[in-house]
Novice: 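Questions regarding the structure given below will be posed in turn.
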Amino acid sequence: MSSTPRYRAIADDLIAKIRSGHYRAGEALPAQRELSASYGVTMMTLRQALQVLSAEGLIDQRAGRGTYVRRPSAEYPLDTLRSLGDDLRRQGHPLRTEVLSAALRPAPRALTRLLADAPAGLRALRLARVRHLMGRPAVHQISWVVEPYASAIRGADFTETPLYTALAEAGARVHRASERIRPALLTAPVAARLRHPAGSPVFVSERITYDERGALVVTDHATILGEWMEIRAERKAADLSLHWSGAFTK
């Protein structure tokens with residue numbers, strides 16, 4: 001006989017359904033009477049289960065309107081060299097990577113400007129991905145990987161293998177990164193990929209990663225839906241430097 005209280009078992013089942021996408025972010029759960037009947041418990045037991053979900057930040061209970069699955073607020077830490085995907089996985093967010101394209105292409109001018117003595121006709125691996133959180137597209141990301149790593153990792157299965165893992169396996173030793181994050185509005189082409197209205201608020205992250213010799217390894221351009229992400233930094237002496245700029249004059 002199980003020692004798990006009935007309300008806890010119901011809470012665990014609802015949590016699993018939310019994390020699997022059965023109940024999606026922003027959608028209403030079935031009415032409480034319907035849920036209590038389906039689980040065969042009293043309303044009091046069901047409400048105990050919902051209190052667990054509420055305490056874990058998974059639902060919002062709105063008086064007279066029902067219970068809704070809360071949109072996740074994933075953290076985007078600034079003090080790490082891990083990839084965005086790795087950070088989201090470490091936070092326990094169900095993450096699926098959709099690869100839109102992965103091919104060697106002529107390097108764009110923005111990339112060649114970062115390289116000293118870039119040869120004519122330089123090619124790099126262009127990797128375009130969409131990150132799905134809680135079953136919904138939330139991040140559009142384009143990465144450019146330079147040689148010799150581009151050719152070494154072009155055959156990797158990026159739906160399963162994180163980019164930085166593939167780079168490490170190819171011998172890249174990531175040492176530092178420079179990143180700029182700014183607010184923006186969602187452009188029409190990316191809006192179509194994220195299935196979200198154009199003009200919605202987003203964060204745009206532009207990141208340049210270097211190896212231990214100071215050579216460029218990869219550039220990343222990520223568009224992150226503003227409603228899905230919050231940016232946090234742990235401030236410690238000599239560990240992190242944040243530079244704020246803007247127009248503060250009237």
Side-chain angles (χ1 to χ4, degrees), residues 76 78 80-88 97-132 137-196 198-226 229 231 243 245:
Y76 188 67
L78 296 178
T80 173
L81 281 175
R82 292 190 299 267
S83 68
L84 173 60
D86 284 339
D87 279 324
L88 294 174
T97 297
E98 175 189 1
V99 176
L100 303 176
S101 63
L104 288 174
R105 295 187 180 180
R109 183 174 300 178
L111 180 61
T112 58
R113 283 202 300 261
L114 297 172
L115 297 168
D117 302 320
L122 178 69
R123 295 173 69 82
L125 176 67
R126 183 184 186 273
L127 175 61
R129 293 163 289 172
V130 171
R131 310 291 194 153
H132 295 254
V139 181
H140 179 270
Q141 191 169 9
I142 295 178
S143 304
W144 285 92
V145 182
V146 301
E147 295 288 14
Y149 308 114
S151 296
I153 69 172
R154 63 180 298 189
D157 180 5
F158 293 107
T159 61
E160 298 293 337
T161 304
L163 173 58
Y164 279 52
T165 298
L167 287 169
E169 291 174 350
R173 301 184 65 177
V174 171
H175 179 67
R176 68 180 180 89
S178 172
E179 183 171 15
R180 180 179 70 153
I181 299 173
R182 57 184 172 84
L185 298 178
L186 189 58
T187 61
V190 179
R193 294 293 189 184
L194 295 180
R195 301 200 297 271
H196 208 73
S200 299
V202 294
F203 292 118
V204 171
S205 164
E206 296 168 329
R207 178 170 172 168
I208 307 170
T209 301
Y210 303 88
D211 67 13
E212 59 183 359
R213 297 176 292 108
L216 186 148
V217 176
V218 58
T219 66
D220 290 290
H221 184 283
T223 301
I224 307 165
L225 294 184
M229 198 76 63
I231 299 173
H243 298 275
S245 63

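In this text, all values refer to a predicted model and were calculated from it rather than measured experimentally. Values below: all heavy atoms of this structure, side chains included; hydrogens, waters and symmetry mates excluded. Positions are given from 1, in the same order as the sequence printed here.
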Novice: Side chains of D220 and E179: does their closest heavy-atom pair fall under 4.5 Å?
Specialist: no
Novice: Give, for atom CG of L186 and atom CZ of R193, the distance between the pair rounded to the nearest 0.5 Å.
Specialist: 13.0 Å
Novice: How far apart are the closest heavy atoms of A102 and L127, and which atoms are they?
Specialist: CB-CD1, 3.8 Å
Novice: Quick check for you: to the nearest 0.5 Å, what is the distance between L114 atom CG and R109 atom CZ?
Specialist: 13.0 Å
Novice: For a quick check under 3.5 Å, do R131 and T97 share a side-chain donor-acceptor pair by atom type?
Specialist: yes
Novice: Between CZ of R180 and CD1 of I208, what distance do you get to the nearest 0.5 Å?
Specialist: 9.5 Å
Novice: Report the residue from V218, L104, L163, V146 that forms a side-chain contact (heavy atoms from CB on, under 4.5 Å) with L125.
Specialist: L104
Novice: What is the distance from atom CG of L185 to atom OG1 of T223, rounded to the nearest 0.5 Å?
Specialist: 11.5 Å
Novice: Only one of R126, H221, R129, R207 forms a side-chain hydrogen bond (donor to acceptor under 3.5 Å, both in side chains) with S143, so which one is it?
Specialist: R129
Novice: Answer yes or no: is there a side-chain heavy-atom contact under 4.5 Å between V202 and I224?
Specialist: no
Novice: Give me the atom names and distance for the closest heavy-atom approach of Y210 to V217.
Specialist: C-CG2, 4.0 Å
Novice: Quick one: CG on L216 to OG1 on T209, what's the gap to the nearest 0.5 Å?
Specialist: 8.0 Å
Novice: Would you mind writing out the side-chain donor-acceptor pairs for residues 149-157 within the sub-3.5 Å range, not counting sequence neighbours?
Specialist:
residue: S151; atom: OG; partner: E147; partner atom: OE1; Å: 3.2
residue: S151; atom: OG; partner: E147; partner atom: OE2; Å: 2.6
residue: D157; atom: OD1; partner: T159; partner atom: N; Å: 3.1
residue: D157; atom: OD1; partner: T159; partner atom: OG1; Å: 2.4
residue: D157; atom: OD2; partner: T159; partner atom: OG1; Å: 3.3

Novice: To check you understand the geometry: which heavy-atom pair defines the closest contact between P137 and V130, and what is its length?
Specialist: CB-CG1, 3.7 Å
Novice: Does anything in residues 161-174 pair up under salt bridge (charged side-chain N to carboxylate O under 4.0 Å, His left out), and if so which pairs, sequence neighbours excluded?
Specialist: R173-E212
Novice: Distance from E98 atom CD to Q141 atom CD, nearest 0.5 Å?
Specialist: 13.0 Å
Novice: Applying side chain to side chain donor-acceptor pair (under 3.5 Å), name anything that partners R195, two or more places apart in sequence or on another chain.
Specialist: none
Novice: Do you know which two heavy atoms are closest between A124 and W144, and how far apart they sit?
Specialist: CB-CE3, 3.8 Å
